[in-house]
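Data block below; observations after.
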Amino acid sequence: MNWLLGKTNQAVNINARTSIVAIVFLSVIGPCVFILQPGYVQGLVEYLGFNDVQAGYIASGEMFGVAACTIIMVFLSQKYNWRGLVAICLAICTLGNLLSVSVTDFERLLLMRFITGLGSGGVISLGFTMMGLTQKADRNFGFVITWVLIYGAFGLWAMPSAYSLVGMNGVLIFFAIFCLSGFYFLRFLPIGGRQDSTTPNTDAPKYALRIKGISLLSILVYNIAIGITWAYLFLLGLEASIPEQTVANVLTISQFLGIAGAFIAVLLQLRIGRTIPLMIGLLGGAISVYCLVGEIDYLLYSGGVYLFNLLWNLSMPYLLATLADFDPTARMVTWGVSMQMVGTAAGPSVAALILSSSDYDSVYLTAAALFVASAILLLPGLRAQTVSLK
């Protein structure tokens, strides 16, 4: 119990390079299945025999586990040792991936992926909360997104070959080993916000609860759109009669473009503020998704996917840093990550529900409308922060 409460742990400097590296690594482990979700959903359909709707619900089930744990972490992270909580969550997602091996029953696999999501959600929430307390949050969130996308790029490119060589079971075992590797980095993590972070600035601007609430709603709506779009991109390419490896290659290249988007955020930081890049990212996301509506060929599919991933990952560091500026204790980041995970969990379910009575066009038109709505909802918070800086 002393270990879990942090009474025997030595505090670390959260801005030290070793801590930043550890937080980045764990922030890649947390979404290690989600970032490969198009390939994972394709594997559920092509190799385990689930239909499109079942695959969507399985992916969504895992993300609901992620979302549930991020909400739980809002409260647990205020009381318990962060290293201990991360260790428990790593153990859960490692076990969940191992228990998913050889499972072909829909209900049982749905349960196993939900359990896996619980562990992943805790790692994601704590990692992003820690990063929100660092001194250069815009830059550091850019590093997180960049490395998540490097992992995703190589993962999506390799998945067709991995399925051929080791099957779905081999892929799941890889996920388990990757989660297990996170234990090495525990020693470099802060033990908690109060112990390790810089003393909160009491002169920091105070924002109305309404502004914070609308901003969190924007994060939720935005990530529902992301979840709707991302889950079915592989199957959408196959439906357009694009070869499987070609679809995998498009998704891989899109991840590298996503890296470029995140790196742009690292380079720009706050040189042009946040409003311009965020409006480009959110409204541009609607345009990218609209490219996937109607009769599509390779050029439309690849162009839409490339633009989507570039703008998604340009937006995310700015969105997370915007939340960090609302609250010097990073609690808004914790809540924001919860909204992010709830949105990405709900997205595949919404898409599956639409597909049960309609087609992919309706799925992607819904996503485009949600991107526009998220941009509108975010404007009041951006305006309030701009005014506070004057």
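All figures in this text were calculated on a predicted structure; none of them were measured in a lab.
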Shortest non-hydrogen contact from Ala55 toward Phe50:
N-CB, 4.4 Å
Under a 3.5 Å threshold, yes or no: a donor from one side chain and an acceptor from the other, between [X] and [Y]?
X     : Y      : value
Asn97 : Thr116 : no
Gln42 : Glu244 : yes
Thr70 : Ser125 : no

For residues [X] and [Y], determine if any side-chain heavy atom of one lies less than 4.5 Å from a side-chain heavy atom of the other.
X      : Y      : value
Val74  : Val337 : no
Leu319 : Ile219 : yes
Leu44  : Met168 : yes

Sub-6.0 Å ring centroid separation between Phe371 and Tyr222
yes
Counting the benzene-type ring for Trp, do Tyr151 and Phe178 have ring centres under 6.0 Å apart?
yes
If you draw a 6.0 Å radius around [atom1] in [X], do more than 12 non-hydrogen atoms from other residues or ligands fall strictly inside?
X      : atom1 : value
Leu209 : CG    : no
Phe154 : CZ    : no
Tyr47  : OH    : yes

Could you check whether Arg108 makes a cation-pi contact with Phe106, meaning its NZ or CZ is under 6.0 Å from the centre of the six-membered ring and within 45° of the ring axis?
no
Side chain to side chain donor-acceptor pair (under 3.5 Å), that's the test. Do Thr344 and Asn223 meet it? Break it down for me.
CA-CA 5 Å; Thr344 51; Asn223 283 284; 5.6 Å; no
